[in-house]
Amino acid sequence: MLEKKNGHLGQTLQLSIIIPNPYFSITSSLPEMPLLRFYYLCPINFRHTRMSNIRVRFAPSPTGPLHMGGVRTALYNYLFARHLGGKMILRIEDTDQTRFVEGAEDYIVRSFDWCGIKFDEGVHVGGDFGPYKQSERSDIYRKYIQILLDKGMAYYAFDTPEELDALRKKHEEEKTTFIYDSKSRMQLRNSLSLTKEESEELIQNGTAYVIRFKIPEDQYVFFNDMIRGDVKVHSSSLDDKVLFKSDGLPTYHLANIVDDHLMEISHVIRGEEWLPSAPLHILLYEAFGWEKPLFAHLPVILKPVGKGKLSKRDGDKLGFPVFPLAWTDPKSGETSTGYREEGYLPEAFINMLALLGWNPGTEQEIFSMEQLIESFDIHRVVKSGAKFNPDKAKWFNQQFIRLKSENELAIECSELLKAKGIDASLDYVETLVALIKERLVFIHDFWDQTFFFFEAPQEYDAKVAKKRWKENTSEHIAALAELLKDLSDWKAEPIKERMSAFIQEKELSMGQMMNAIRLALVGSSMGPDLALIAELIGKENCIARMNRAATHIKK
RNA sequence: GCUCCGUUCGUCUAGGGGUUAGGACGCCAGGUUUUCAUCCUGGUAGCAGGGGUUCAAAUCCCCUACGGAGUACCA
């Protein structure tokens, strides 16, 4: 790993488990102190258990519903923290007022509640490191940006957005990219290019300004990612990012670093989209002289088909949810469905998400949240993006439905029936659940699997009729119905005996006749044991259905 | 374009110098079931390409290709 970056060091370290300690600054060059080398060689678990306070955070922006990628990021944070006995924090990053969406924060909280991801601190539960909403922390950021200004590591920039846009456009036409950096900053309007007096005057006059970070020139920034290993970037490829906007609020970069430091975040586990700005964050920590957290950049979730990452719109197009819960956009009124609404069990959703980009190193696939916590190791998160597979998501749901007790399922199925205006006893529903449990992918499949217990078929599957209904089938069915009238003990066993005896006596084909009866009772060739169906729908219904079929199905 | 990250069956992945390259989803076939589903058994299919290093490379190195992310007074 290190060899790639640093030849001479690589030669001294021949072992492959080299994970640099992030608590030492290694910006300009890799240190060669023996102690550090020892630390590099320490097994990962040793380093984790030594860390007394594991604190991680999930820090969404309330700009809309959280999508499944966000839930997965939060989940990995949660599993990581719980596995190591640490704390999980929910912080709301709402520094961009223009993108604020009403109800988004509440949606985020409700989603985690449904998923079973619990927070130790956060906007909704409080804690000792609050406030947990960035819009309520602006004084804090102002204080810290001043420190950077005083140290000469940040500067005022007076360029208007229009000026910068024009510059970018001009460069684009020339097939180059405009970068606000050490090469261009002296040609722009800022406190570095202007005299002190000029800058002060502009500020006095109320000229709008932003505060930019002064990226140090010509140095390498190293950091270690728990998933990707060592990453090296040259500062010349970084630009002077805006830290403080003209509206008096910080950008993500500043707020994030300040909050993570103040909230004593030990591990930053976030999406891969942050990887390119990680070097900036490292530099920021160093500018403040703060201890850095350990980083882990998670791979993205990709679309099941086609190119690119899974986006909020894919769900509707491809027929699966991308959100945990249904969401209605407050402005457009547009509604998107959620996993919950589509019939997914939260356990299944979580299990599926956990295995999308992580594996336990064993062949176990079905995990409870407790088991996930027990097994989770962030070093087993894969590096590459994972295409989401809706079929596998369904399979997980099917597995978790089987894990549910018949009573639990019956309670939910009863609700389903009630919505259809059917009032069945819980006992009866439970009996049915026991019969068809293995056929359910979703709980709402219950109706498709049991409708014939509640209502007689009005139509008969033409294909099955063609195959099973012969010249005199109607006659036989009517005769059998007549025969069944005399059966006093209406239970599956005697029913079956009576049917078999009839078929044998008439020298009919068992398969043909049984399927014909099934067609009469169910309307198609599906369902559990025929005699059981007959028993459960009752004698009268059974006979009525047979007689109806005898007159309605024509060869 | 530039910067960074990646690449093992169609998909999710194991495997990290010597493996018949393993598992799961999907798909196909057979068995079980009087039907359908379940279940069981089997099958299908993969190391992106090219160079090195090595007795030996999916595994280590380099190049190419492809994919992804970023390139905002968004997060």
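Since the model is a prediction, treat every value here as computed from it, not as a measurement.
- Taking every side-chain heavy atom of A/Lys383 into account, B/G6 is the closest of B/U71, B/G6, B/G15.
- Contact annotation for A/Ser237: backbone-only contact, meaning every heavy-atom pair under 4.0 Å involves sugar-phosphate atoms and none involves a base.
- Set against B/A72, B/C36, B/G68, the side chain of A/Glu272 has B/G68 as its closest nucleotide.
- The distance between atom NZ of A/Lys169 and atom P of B/U71, rounded to the nearest whole Å, is 20 Å.
- In this structure, CZ of A/Arg439 is placed 12 Å from P of B/U35, rounded to the nearest angstrom.
- Looking at heavy-atom distances under 4.0 Å, A/Lys175 makes no contact with the nucleic acid at all.
- A/Asn359 has a side-chain polar atom (N or O) that falls below the 4.0 Å cut-off from OP1 or OP2 of B/A14.
- Here CH2 of A/Trp469 is found 12.5 Å from CG of A/Asp461. Values are rounded to the nearest 0.5 Å.
- Heavy atoms of A/Asp391 sit under 4.0 angstrom from primed sugar atoms or phosphate atoms, though from no base atom.
- A/Val210 comes within 4.0 angstrom of a nucleotide base, judged by non-hydrogen atoms across all strands.
- As judged by a 4.0 angstrom heavy-atom cut-off over every strand, A/Gly511 is placed among residues touching the sugar-phosphate backbone only.
- Separating the CD atom of A/Glu438 from the P atom of B/U32 is a distance of 20 Å, rounded to the nearest angstrom.
- Among the atoms of the strands shown, none is found under 4.0 Å from any heavy atom of A/Leu238.
- Note on A/Pro528: a base of the nucleic acid sits closer than 4.0 angstrom, heavy atoms only.
- Between A/Lys307 atom NZ and B/G67 atom P the separation is 4 Å, expressed in whole Å.
- Of the P atoms belonging to B/G18 and B/A58, the separation is 10 Å, rounded to the nearest Å.
- Atom pair A/Ile227:CD1 and B/G16:P shows a separation of 20 Å (rounding to whole Å applied).
- The nearest whole Å value for the distance from the CG atom in A/Leu302 to the P atom in B/G67 is 12 Å.
- Closest to the A/Glu273 side chain, of the nucleotides B/A72, B/A69, B/U11, is B/A69.
- In this structure, CE on A/Met153 lies 10.5 Å from CD1 on A/Ile215, to the nearest 0.5 angstrom.
- Side chain A/Thr176 to base B/G1: no donor-acceptor pair is found below 3.5 Å.
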>> Test side-chain hydrogen bond (donor to acceptor under 3.5 Å, both in side chains) on A/Tyr252 and A/Asp96; report intermediate values, then the result.
In response: CA-CA 9 Å; A/Tyr252 170 88; A/Asp96 185 359; over 6 Å; no
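- Of the listed nucleotides (B/U35, B/G1, B/G26), B/U35 has the atom at the smallest distance from the side chain of A/Arg468.
- Within the nucleic acid shown, A/Lys394 has no heavy atom closer than 4.0 Å to any nucleic acid atom.
- By the 30° and 60° cut-offs, the orientation of the rings of A/His297 relative to A/Phe295 is parallel.
- Among the atoms of the strands shown, only primed sugar atoms or phosphate atoms (P, OP1, OP2) are found under 4.0 Å from some heavy atom of A/Lys309.
- At least one test fails for A/Lys214 against the ring of A/Tyr155: distance under 6.0 Å to the centre or angle within 45° of the axis.
- A centroid separation of 6.0 Å or more is found between the aromatic rings of A/Phe400 and A/Tyr344.
- Between A/Lys183 atom NZ and B/U3 atom C1' there is a gap of 12 Å when expressed in whole angstrom units.
- Put simply, NE2 on A/His171 is 16 Å from C1' on B/A72, counting in whole angstrom units.
- At a threshold of 4.0 angstrom between heavy atoms, the contacts of A/Ser246 include nucleobase atoms, whether or not backbone atoms are also involved.
- Distance check on atom C1': B/G23 versus B/C9 gives 12 Å, rounded to whole Å.
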